[in-house]
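Every chain is numbered from 1 and lettered A, B, ... according to where its sequence line falls, protein lines coming before strand lines. This structure is a prediction, so every number in the text was calculated from the model and none was measured.
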Amino acid sequence: MGTHERDIRLNKLNTIREQGINPYKERFQKSHSLYQAKKLPLNTSGVRIAGRIMAVRIFGRLIFATLKDFSGKMQIALQEKAVGKERFAFFKKYIDIGDFFGAEGTIFKTKMGEITLDTSGYELLSKTLRPLPEKFHGLSDRELLYRQRYLDLIMNDGTIERFLKRTRIMKTMRDYLDAEGFFEVETPVLQTNPSGANATPFTTHHNALDLDLYLRIAPETYLKRCIAGGFDKVYEFARSFRNEGLDPSHLQDFTILEYYVAYWNYEDNMRFTEKLIKHVLEQVNGSLKLTFGEKVIDFGKDWKKVSLRDLIFTDTGIDFSTYTNENDLRKAIKEEGIEIQDLSTMGFGSLIDNLYKKVSRPKIDDPLFITHHPIELSPLARRNDINGRVTDRFQLVVNGWEIVNAYSELVDPVDQRNRLEEQASLHRKGDSEAMVMDEDFLTAMEHGMPPISGWGMGVDRFVCLLTNQENLRDVVLFPLMKPTDQQ
RNA sequence: GGGCCGUUAGCUCAGAUGGUAGAGCAGCAGACUCUUAAUCUGCGGGUCGAAGGUUCGAUCCCUUCACGGCUCACCA
């Protein structure tokens with residue numbers, strides 16, 4: 001659907017070309033960023049700056065325009081007497097808001113006190129064919145923000161800041177892990193056997209090998225193979241994919257940070273988690289108190305630890321450790337008047353999980369470690385030595401969100417085989433989220449793994465928390481959108 | 001997947017008990033050497049998300065569909 005505006009600009013483009021001017025320049029030699037240029041002393045001459053034109057104000061023989069680059073914004077002034085009649089007229093006729101523009105001139109201060117470049121010469125660097133969104137209100141249509149993120153980045157100042165913060169958060173974690181002796185590794189995204197989590201994978205096909213493949217749902221089992229191979233501290237920022245529903249707190253393409261440490265248990269890991277996250281808060285936000293919406297979340301105190309059994313007992317009076325079968329537990333949940341959908345079809349582990357999500361999790365604001373999840377929910381976690389029905393596992397919950405999930409890893413190949421067989425049987429019965437048998441992983445474990453503690457973080461959620469965002473799509477540059485009919 | 005809501009000019013938004021629509025910004029033409037949401041004068045711009053139905057007549061009412069948002073359920 002050609003717009004009138006676009007046709008006008010196409011005409012301008014052609015006219016510019018007919019004058020022998022290339023409207024898409026190869027390069028422009030800048031002397032300063034806009035941020036730097038604004039700090040130069042008055043009367044500095046020969047200053048060369050470039051950026052996108054964000055606004056133009058024309059006063060007869062004087063033009064003010066606002067340039068924007070990655071470092072900031074700066075005003076330039078064009079006087080007819082300084083650039084010459086022809087160049088001045090060219091600007092008025094052919095330069096539009098949105099165009100990329102290079103200017104050379106002298107720093108001065110306007111009567112209103114603004115540091116401005118008095119332009120002596122300029123170049124059109126790149127001609128735009130479409131107009132920018134409205135300058136005052138910017139772009140606010142949520143759909144367009146996601147579909148045309150570049151416009152959001154140009155128009156809304158907070159947006160680029162948010163994504164820079166995402167990068168800073170990831171870099172801070174990376175630097176911390178590196179300093180602690182971790183090695184960053186890369187493991188396969190295309191897998192023959194999706195494992196490491198309970199989730200439905202995306203499927204694809206390798207033509208040359210005539211082989212069905214899956215996009216990874218987690219990097220877990222490959223990172224453990226690294227430990228088996230002799231690494232003792234590894235991590236990966238793992239883009240992972242789950243073929244499930246999407247909502248503000250779930251994307252099908254998301255980033256997990258996982259690390260694995262040989263010879264640690266989950267308690268070592270909890271201590272490290274607290275140090276790591278406090279470090280990130282201090283480095284990135286400069287404070288251990290975090291404002292999220294109306295709440296202030298305090299990371300500064302020692303983080304509390306509570307077992308899942310104690311947490312649910314405190315909130316409901318139900319002690320799941322005293323129940324030996326799911327029917328009795330189901331009855332108790334009904335007697336407490338707690339409403340859970342599909343109650344009748346759930347197994348023991350799911351009942352506990354749903355009870356927790358319904359009753360306990362929403363109440364949690366400040367960081368809380370929840371430990372010792374039932375074995376049914378944790379097919380890859382180490383069985384507790386004293387109570388074999390629970391695992392040596394913890395989750396870190398903040399603001400009602402699970403930020404971290406970690407445990408002492410199961411390294412007993414016999415126990416692991418039994419538990420994967422249980423999962424595989426659930427999978428055969430139609431639970432597409434249950435794990436499938438992974439002989440290759442079991443073989444690796446049979447060759448021997450040291451004691452290991454592993455850890456996984458939903459990076460996008462953590463970034464949401466630190467940037468005060470409710471929707472994961474607001475911390476992902478280009479979230480998946482269904483295509484629309486376009487012409 | 002269910003429920004609720006939305007989709008009007010490039011953008012931000014009005015609006016008509018049903019008689020095919022307006023503003024601001026952006027654009028075009030003009031005035032203007034200190035503005036920064038510049039100002040002033042004039043002009044152009046819309047298959048009102050798509051299809052079907054009801055109606056003399058639909059952008060408005062009804063149905064279906066598409067896309068999106070929020071929310072409930074499941075997954076981090």
- Query: Can you tell me how far C1' in B:U41 sits from the matching atom in B:C32, rounded to whole Å?
  - Reply: 12 Å

- Ignoring the backbone of A:E5, work out which of B:G69, B:C11, B:G27 is nearest its side chain. B:G27

- Message: I'd like to know if the side chain of A:N193 and the backbone of A:M437 have a donor-acceptor N/O pair within less than 3.5 Å.
- Response: yes

- Task: Have a look at A:N354 and say if it touches a base, only the backbone sugar-phosphate, or nothing, with a 4.0 Å heavy-atom cut-off.
- Result: sugar-phosphate

- Item | Given B:G27, B:U12, B:U33, the nucleotide with the shortest approach to the side chain of A:Q79 | B:U33

- Do A:E143 and B:U7 have a side chain to base donor-acceptor pair shorter than 3.5 Å? no

- Answer with yes or no after comparing the ring centroid distance for A:Y222 and A:F441 against a 6.0 Å cut-off, counting only values under it. no

- Message: Is it the case that atom CD in A:Q19 sees more than 12 heavy atoms from other parts of the structure closer than 6.0 Å?
- Response: yes

- Task: Specify whether A:F299 and A:W303 have parallel, tilted or perpendicular ring planes, treating 30° as the upper limit for parallel and 60° as the lower limit for perpendicular.
- Result: perpendicular

- Query: NA contact type, A:K12, heavy-atom cut-off 4.0 Å: base, sugar-phosphate, or nothing?
  - Reply: sugar-phosphate

- Query: To the nearest angstrom, how far is A:L145 atom CG from B:G68 atom C1'?
  - Reply: 12 Å

- Task: Determine the contact category for A:D353: base if any of its heavy atoms lies under 4.0 Å from a base atom, sugar-phosphate if only primed atoms, P, OP1 or OP2 are that close, otherwise nothing.
- Result: sugar-phosphate

- Note on the structure: Picking from B:A26, B:C67, B:U36, the nucleotide nearest the side-chain atoms of A:P131 would be B:A26

- C1' gap between B:U71 and B:C62, integer Å: 26 Å

- Task: Look at the side chain of A:E114 and decide which nucleotide, out of B:U36, B:U12, B:C34, has an atom nearest to it.
- Result: B:U36

- More 5' along RNA chain B: A:D141 or A:A55, using each one's nearest nucleotide? A:D141

- Message: As a test of reading the structure: which of B:G68, B:C34, B:C70 is closest to the side chain of A:N471, going by heavy atoms?
- Response: B:C70

- Round to the nearest Å and state the distance from A:D96 atom CG to B:G27 atom P. 6 Å

- Task: Mark yes or no for a side-chain to base donor-acceptor pair under 3.5 Å between A:R61 and B:U33, with no hydrogen or angle criteria applied.
- Result: no

- Task: Taking the six-membered ring for Trp and the single ring otherwise, decide whether the centroids of A:Y407 and A:Y266 are under 6.0 Å apart.
- Result: no

- Message: Once you apply a heavy-atom cut-off of 4.0 Å, does A:G60 come out as touching a base, just sugar-phosphate, or nothing?
- Response: base

- Item | Euclidean distance for P, B:A51 against B:G1 (whole angstrom) | 24 Å

- Touch check for A:R142, heavy atoms < 4.0 angstrom, all strands: base, sugar-phosphate only, or nothing? sugar-phosphate

- Item | Distance between C1' atoms of B:U63 and B:A16 (Å, rounded) | 23 Å

- Using whole Å, report how far CG of A:D7 lies from P of B:A9. 18 Å

- Query: Touch check for A:K357, heavy atoms < 4.0 angstrom, all strands: base, sugar-phosphate only, or nothing?
  - Reply: sugar-phosphate

- Give one of base, sugar-phosphate or nothing for A:I58, where a contact means two heavy atoms less than 4.0 Å apart. base

- Message: Which nucleotide wins on minimum distance to the side chain of A:D247, given the candidates B:C70, B:G68, B:A73?
- Response: B:A73

- G-U wobble or Watson-Crick pairing nucleotide for B:U33 (cut-off 3.5 Å, both distances): none

- Assert yes or no for the condition that the ring centre distance of A:F272 to A:Y176 is strictly below 6.0 Å. yes

- Query: Between B:G44 atom P and A:R9 atom CZ, what is the distance in whole Å?
  - Reply: 21 Å

- Task: Examine B:A29: is either OP1 or OP2 under 4.0 Å from a nitrogen or oxygen in the side chain of A:K93? Give yes or no.
- Result: yes

- A:M481, nearest nucleotide to its side chain (from B:C32, B:C74, B:G68): B:G68

- Which value, in whole Å, describes the distance between the C1' atoms of nucleotides B:G53 and B:G10? 33 Å

- Query: Looking at the side chain of A:L139, which of B:U12, B:C34, B:U35 is the nearest nucleotide?
  - Reply: B:U12

- Message: Tell me the interatomic distance from A:R130, atom CZ, to B:G27, atom C1', rounded to whole angstroms.
- Response: 15 Å

- Does the ring centre of A:F101 sit less than 6.0 Å away from the ring centre of A:F91? yes

- P-based separation of B:G19 from B:C61 [nearest Å]: 12 Å

- Nearest-angstrom distance, P atom, B:C43 to B:C4: 46 Å

- Task: Mind checking A:G138 for me? I need base, sugar-phosphate or nothing, with any heavy atom below 4.0 Å counting as a touch.
- Result: sugar-phosphate

- Message: Closest approach to the side chain of A:R473, judged atom by atom: which nucleotide of B:U71, B:G69, B:G27 is it?
- Response: B:G69

- Separation of atom CD1 in A:I76 from atom P in B:U33, rounded to whole Å: 18 Å

- Message: Any base atoms under 4.0 Å from A:L144, or only sugar-phosphate, or nothing? Heavy atoms, all strands.
- Response: sugar-phosphate

- Which of the following nucleotides, B:C11, B:C28, B:G69, is nearest to the side chain of A:Y146? B:G69

- Query: Between the side-chain atoms of A:N198 and the base atoms of B:C74, is any donor-acceptor pair under 3.5 Å?
  - Reply: no

- Message: Could you check whether A:Y259 and A:F182 have their ring centres less than 6.0 Å apart?
- Response: yes

- If we take the P atom in both B:G44 and B:A21, what is their distance in whole Å? 15 Å

- Task: Give the rounded distance in Å between these two atoms: OH of A:Y94 and C1' of B:C28.
- Result: 14 Å

- Closest nucleotide of RNA chain B for A:R361 versus for A:T110: which of these residues is on the 5' side? A:T110

- Report yes if the distance between the aromatic ring centroids of A:F292 and A:W401 is under 6.0 Å, otherwise no. yes

- Report yes if a donor N or O on one partner sits less than 3.5 Å from an acceptor N or O on the other, where the partners are the side chain of A:S140 and the base of B:U12; otherwise report no. no

